[in-house]
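For ligands, and for the atoms within them, numbers begin at 1 and follow the listed sequence.
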Amino acid sequence: MRTFDAIVVGGGLVGSAIAYGLTKAGLKPALVDEGDVAFRASRGNFGLVWVQSKGLGAPHYQRWTRLSAEEWPALAAELGESIGINVGLQQPGGLQLCLSDNELAQRRAMMEQMRIEAGNFGFDYRMLDRQEVAELLPGIGPSVAGASWTPYDGHANPLNLLHALHRGFLAGGGTYLPNCTVTAAHAAPRDFRVTLGGEEIAAPRIVLAAGLGNAKLAPLFGLSAPVRPQRGQILVTERARQIWSMPLGSLRQTQEGSIMLGSSEEDVGFDTSQKPEVMQKIAQRAVLSFPWIAELQIVRAWAALRVMPPDGKPIYDESERFPGAFTANCHSGVTLAGAHARAFAPMVAAGSLDPMMAPFSAKRFPESPDVPAAA
Ligand SMILES: Cc1cc2nc3c(=O)[nH]c(=O)nc-3n(C[C@H](O)[C@H](O)[C@H](O)COP(=O)(O)OP(=O)(O)OC[C@H]3O[C@@H](n4cnc5c(N)ncnc54)[C@H](O)[C@@H]3O)c2cc1C
């Protein structure tokens, strides 16, 4: 039986960032991944490192996202220097366009609530009127009423990030076990064993980061991860000259020049098919924002499934029944990569989660096994 310092289940962005972080903490983990049969959000996302709308009514989530955005430059630099992969991080701030006065008023109220909830921590934002947006972004459409701006937002190349995290993990002494599905496990406090294709592997720590697979895996370890799929569709245009200096929430220009248009939020179960009517709505909103986008050819489009907790906020937990077992679930695995690699992984390495993570526990959901039925 091979033994490791930790087993991380799930080789998407969440699992890879945590597994990479564990190697930086000096551990020798195994990263187990199911392979191409899975629904992998990490290969179908929009690539935003996005802060400005995260954590309304949940200041702990706003702080966690901000922390991640702050850790991102060090993560990107570290991966660039040690692995030689440019993950394309740019954090020039971000704009969210509003296409009516009503949208602008709602956005203003939301941003102000975020500022109030941030308290002493602070939340820097500005609302821009139409004229100010026009000065920053050439060729806006007549419907653009204004925009919200924060300095914290950015974007990156998510495929390069995933590749770099895997390479960094291997370079740090991690063991990658692909094409292995975890379906059963032996769990005891700080003693976890999983059987993979006839071989048993063991570790004193296990991290469930299997995306949508976590819903089934978590109960095996006394945990709960009631995540559901949420479909998102994305369109990509041919390359254009570099035109925007920052990402715009549902529009972003890649470093290669393509413009990504996205992304829908659809509750349709495990269905990754594309729907012309949804694609049309995405394109229409982009053209209302910038009429010149209509001249560009759409060269690619896809659908992928987000890993969505019931209230949209991440779930991080450690098992009370089986100390040493952890779970991590979120719908912003690009944005939160900095926190996963540089804050969450060190907590796992140290053996328990920091008390600041308590509000992220699945105990907040009535169906959690840790919540008494009458509660
Ligand atoms: C359309 C769309 C747009 C998005 N845009 C953004 C964005 O702009 N910014 C942002 O921050 N986030 C964005 N996201 C979300 C982001 O992509 C996800 O949060 C992130 O990819 C989730 O990563 P994950 O590792 O949890 O899940 P996944 O990528 O699904 O990976 C889970 C992995 O676990 C493995 N697995 C599952 N079950 C098992 C098992 N039993 N045994 C072994 N392995 C298993 C699978 O093989 C898979 O590789 C977007 C998502 C979508 C769909």
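With no hydrogens or angles considered, a side-chain donor-acceptor pair links Glu135 and Gln131 at under 3.5 Å. There is no side-chain donor-acceptor pair under 3.5 Å between Glu256 and Ser258. A donor-acceptor contact under 3.5 angstrom links the side chains of Ser273 and Asp271, judged on distance only.
Near Ala304, meaning under 4.0 Å from any of its heavy atoms, are these atoms of ligand 1: 53 (C). Taking a cut-off of under 4.0 Å to the non-hydrogen atoms of Ser332, the atoms of ligand 1 that pass are 10 (C), 11 (O), 12 (N), 19 (O). Of all atoms in ligand 1, listed by their number and element, those nearer than 4.0 Å to a heavy atom of His331 are 12 (N), 13 (C), 14 (N), 15 (C), 19 (O).
Between Val32 and Ile201, the closest side-chain pair of non-hydrogen atoms falls below 4.5 Å.
Heavy atoms of Ile234 found under 4.0 angstrom from ligand 1 belong exclusively to the side chain. Counting heavy atoms under 4.0 Å from ligand 1, residue Val9 touches it through the side chain alone. At a heavy-atom cutoff of 4.0 Å, ligand 1 is contacted by the backbone of Cys180 but not by its side chain.
Met114 contributes atom CE, which lies 8.5 Å from atom OG1 of Thr150 (distance to the nearest 0.5 angstrom). Atom NE2 of His340 sits about 11.5 Å away from atom CG of Leu165, to the nearest 0.5 Å. For the atom pair Met347 CE and Phe326 CZ, the distance stands at 10.0 Å (nearest 0.5 Å).
Considering backbone and side-chain N/O of Val14, one or more are found under 3.5 Å from N/O of ligand 1. Checked against a 3.5 angstrom limit, the closest N/O atoms of Ser42 and ligand 1 fall inside it. For the pair Leu212 and ligand 1, the shortest N or O to N or O distance does not fall below 3.5 Å. Residue contacts with ligand 1: Asp33 is placed with a nitrogen or oxygen under 3.5 Å of a nitrogen or oxygen of the ligand (distance criterion only). For ligand 1, the polar-atom distance check against Gly213 finds no nitrogen or oxygen pair separated by under 3.5 Å. Considering backbone and side-chain N/O of Leu48, one or more are found under 3.5 Å from N/O of ligand 1. Ligand 1 has no nitrogen or oxygen under 3.5 angstrom from a nitrogen or oxygen of Ser263.
The ring pair (Phe, Tyr, Trp, His ring centres under 6.0 Å) check on His166 picks up Tyr176, with sequence neighbours excluded.
Distances from atom 42 (N) of ligand 1 to the heavy atoms of Val334, Val182, Thr272, Thr335 put Val182 nearest. The option with the heavy atom closest to atom 14 (N) of ligand 1, from among Leu161, Leu31, Asn45, Leu208, is Asn45.
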Atom pairs and distances, donor-acceptor, side-chain atoms in residues 137-148, under 3.5 Å, two or more places apart:
residue, atom, partner, partner atom, Å
Ser148, OG, Gln52, OE1, 2.6
Ser148, OG, Arg107, NE, 2.9

Please report the C-alpha distance between Glu266 and Lys275 in whole Å, then the side-chain angles of each, then the deciding distance to 0.1 Å, and finally whether the salt bridge (Lys or Arg N to Asp or Glu O under 4.0 Å) criterion is met.
-> CA-CA 11 Å; Glu266 306 161 69; Lys275 298 290 169 206; over 6 Å; no
